[in-house]
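What follows is a single structure, written as C-alpha cells, with notes after it.
To find a chain, count down the sequence lines: A is the first, B the second, and so on, and within it residues start at 1.
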There are 2 protein chains.
Amino acid sequence: MKLIDKENIDFGLLLSQHGLSKTSFRKFLIELFYKTHHALSVDEIINNLSYQIDKVSIYRALNAFEKNGLIHKVPDKANLIKYALCKSECSSEKHLHNHAHLLCSICNETYCINDFKIPVVNEYKGFLINNLKVILEGSCVDCQQI
Amino acid sequence: MKLIDKENIDFGLLLSQHGLSKTSFRKFLIELFYKTHHALSVDEIINNLSYQIDKVSIYRALNAFEKNGLIHKVPDKANLIKYALCKSECSSEKHLHNHAHLLCSICNETYCINDFKIPVVNEYKGFLINNLKVILEGSCVDCQQI
DNA sequence: TGATAAATGCAATTGATTTGCGTTTATTTT
DNA sequence: AAAATAAACGCAAATCAATTGCATTTATCA
C-alpha cells in the first residue's frame, strides 16, 4: 500500500480511506498537515494556499477531517481552534491521543510531542479521570534565537 | 485585619486593597467567587444575581479582577472564558498558579486543585518551559451519582 | 452515463467578547 | 462636606471566530 511509503503518500487514497471525497482542496489540505510540523489554524491554512478559498469550506473540511479521524484539536493560547495530524491509530470511531503539547508563547505555535511521559491518574478524590492533558508553555527553539 | 477571618471577609476592603472601587456589584461578585468552589462563567454569574446587570459590566469586572490579581482564567471545555479565585500570593504584577484543573465532562464545571503534583520540566528538546498545565478530564463526584 | 451523495460558495446568523461614549457612582482633593 | 477626578455602569454598536441554510458544483457509485 502506497501509504506506507512516507515520502510518497497518496493523499487522495488517504481521503478515500477515511470516507472523504478527494477534492483538490482537501488533498491540498491533508498534504499541508503532513508537511507542517505544528498545529494549523484556519488563517495559517489560508496563508499557505495559492488560490482563494472560502473560509467556510476550510471549517467544514476541518470538521470532517476531525470527525473521520484524520486530525485532532489542539490547545491554543488565544482559544482559537487549531488542528494537528492524528496518529494512524485514530479513526472516526475513536481518537486515541494522550500526548502532551508544546505551546510557544512567542510565536504561538502548538506542537504535539509523543514522547513526553504523561502521568497516569485514574481517580482523584472521587473524581474519575479518563483523560489527562499536559500543556508545556514556553519558548520554542526558533523564537529563542531572535 | 478582618481579611484573616475566613468566615467574615470584608470584601469591600479586599477590593480596595487590589485597587478596585467597591461597588455593590463588585462586592457581590468577589463574594460569589469566595462562596463558589468551582470556576465561574459569565452566565453562571448572571444566574446567581438577584437583579439585572449588563453583561458588559460583568466582562469588565472580570477583566479588572484578573488584571489586579484577584482571579485567574481556567480552562473550559467549550472554549469559554471562565475564572476562579486566585491564591493570595497573586497580585497585579504576577499571577502565580501552577495548580492542576479538574474538568467534569458531564456538568462541565472546572475545579482548581492545589495538591496535585505537577511534573517539573524546565526544558524539553531545546524548548524552554516556564509553565506546565495539567487538566484532568473525567466525571466529578456529583455527576457519577446521577 | 445517470443518479446520489459530498463539497463548495455566498449570504446571513450566532454567540461570546469588546469598544465607544455619555451617565452614574465612588474616590480623592480642597 | 462640596468640588474635582477617576472608576464603574448601561446602552448601542462593533468585532471576530465559527456555524447554518441553500443553491450550485464536483465527486462517487450503481
Side-chain angles (χ1 to χ4, degrees), chain A residues 10-32 39-47 49-83 92 108 110, chain B residues 10-32 39-47 49-83 92 108 110:
Chain A
D10 183 335
F11 294 105
L13 179 58
L14 185 58
L15 289 169
S16 303
Q17 289 175 332
H18 286 262
L20 298 161
S21 292
K22 39 187 167 187
T23 65
S24 59
F25 167 62
R26 294 194 173 193
K27 277 187 279 188
F28 161 83
L29 183 58
I30 189 63
E31 184 168 3
L32 181 61
L40 291 167
S41 63
V42 168
D43 282 339
E44 202 166 350
I45 292 165
I46 290 172
N47 291 339
L49 269 166
S50 52
Y51 57 99
Q52 278 290 125
I53 191 147
D54 198 307
K55 272 196 177 187
V56 177
S57 300
I58 302 179
Y59 282 112
R60 279 195 269 236
L62 292 172
N63 286 334
F65 283 15
E66 188 194 21
K67 188 159 159 269
N68 294 20
L70 278 168
I71 59 176
H72 63 282
K73 283 187 183 164
V74 301
D76 172 79
K77 224 179 143 192
N79 267 14
L80 285 182
I81 296 186
K82 269 192 180 172
Y83 289 96
S92 58
N108 199 26
T110 303
Chain B
D10 182 334
F11 294 105
L13 179 59
L14 185 59
L15 289 169
S16 304
Q17 289 174 333
H18 286 262
L20 297 161
S21 291
K22 38 187 167 186
T23 65
S24 59
F25 167 62
R26 293 193 173 193
K27 277 187 280 186
F28 161 83
L29 184 57
I30 189 61
E31 185 169 1
L32 181 61
L40 291 167
S41 64
V42 168
D43 282 339
E44 202 167 349
I45 291 166
I46 290 172
N47 291 340
L49 269 165
S50 52
Y51 57 98
Q52 278 289 125
I53 192 148
D54 198 306
K55 271 195 177 188
V56 176
S57 300
I58 301 179
Y59 281 110
R60 278 196 268 236
L62 292 172
N63 286 334
F65 283 15
E66 187 194 22
K67 189 160 159 266
N68 294 20
L70 278 168
I71 59 176
H72 63 281
K73 284 187 183 166
V74 300
D76 171 79
K77 225 179 143 191
N79 267 14
L80 283 183
I81 296 187
K82 269 192 182 172
Y83 289 95
S92 57
N108 199 26
T110 303

Send over the distance from [X] [atom1] to [N] [atom2], rounded to a whole Å.
{"X": "A:Leu49", "N": "C:dT8", "atom1": "CG", "atom2": "C1'", "value": "14 Å"}
{"X": "A:Asp54", "N": "D:dT19", "atom1": "CG", "atom2": "C1'", "value": "12 Å"}
{"X": "A:His18", "N": "D:dA27", "atom1": "NE2", "atom2": "C1'", "value": "19 Å"}
{"X": "B:Asp43", "N": "C:dA16", "atom1": "CG", "atom2": "P", "value": "6 Å"}
{"X": "B:Lys73", "N": "C:dA16", "atom1": "NZ", "atom2": "P", "value": "16 Å"}
{"X": "A:Phe25", "N": "C:dT8", "atom1": "CZ", "atom2": "P", "value": "7 Å"}
{"X": "A:Ile58", "N": "C:dC10", "atom1": "CD1", "atom2": "C1'", "value": "15 Å"}
{"X": "A:Ile81", "N": "D:dA18", "atom1": "CD1", "atom2": "P", "value": "5 Å"}

Ignoring backbone atoms, test whether [X] places a side-chain nitrogen or oxygen under 4.0 Å from the OP1 or OP2 oxygen of [N].
{"X": "A:Arg26", "N": "C:dT8", "result": "yes"}
{"X": "A:Thr23", "N": "C:dA6", "result": "no"}
{"X": "A:Tyr59", "N": "D:dT19", "result": "no"}

Exercise. When you get a sec, tell me which of D:dA12, C:dT27, C:dC10 is the closest nucleotide to the side chain of B:Val56?
Key: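 It is D:dA12.
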
Self-check item: Nucleotide of C:dA7, C:dG9, D:dA8 approaching A:Ser21 most closely (side-chain heavy atoms)
Solution: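 For A:Ser21, the side-chain atoms sit closest to C:dA7.
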
Quiz item: About how many Å separate OH of A:Tyr83 and CD1 of A:Ile58, when rounded to the nearest 0.5 Å?
Solution: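 Between atom CD1 of A:Ile58 and atom OH of A:Tyr83 there are 12.0 Å.
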
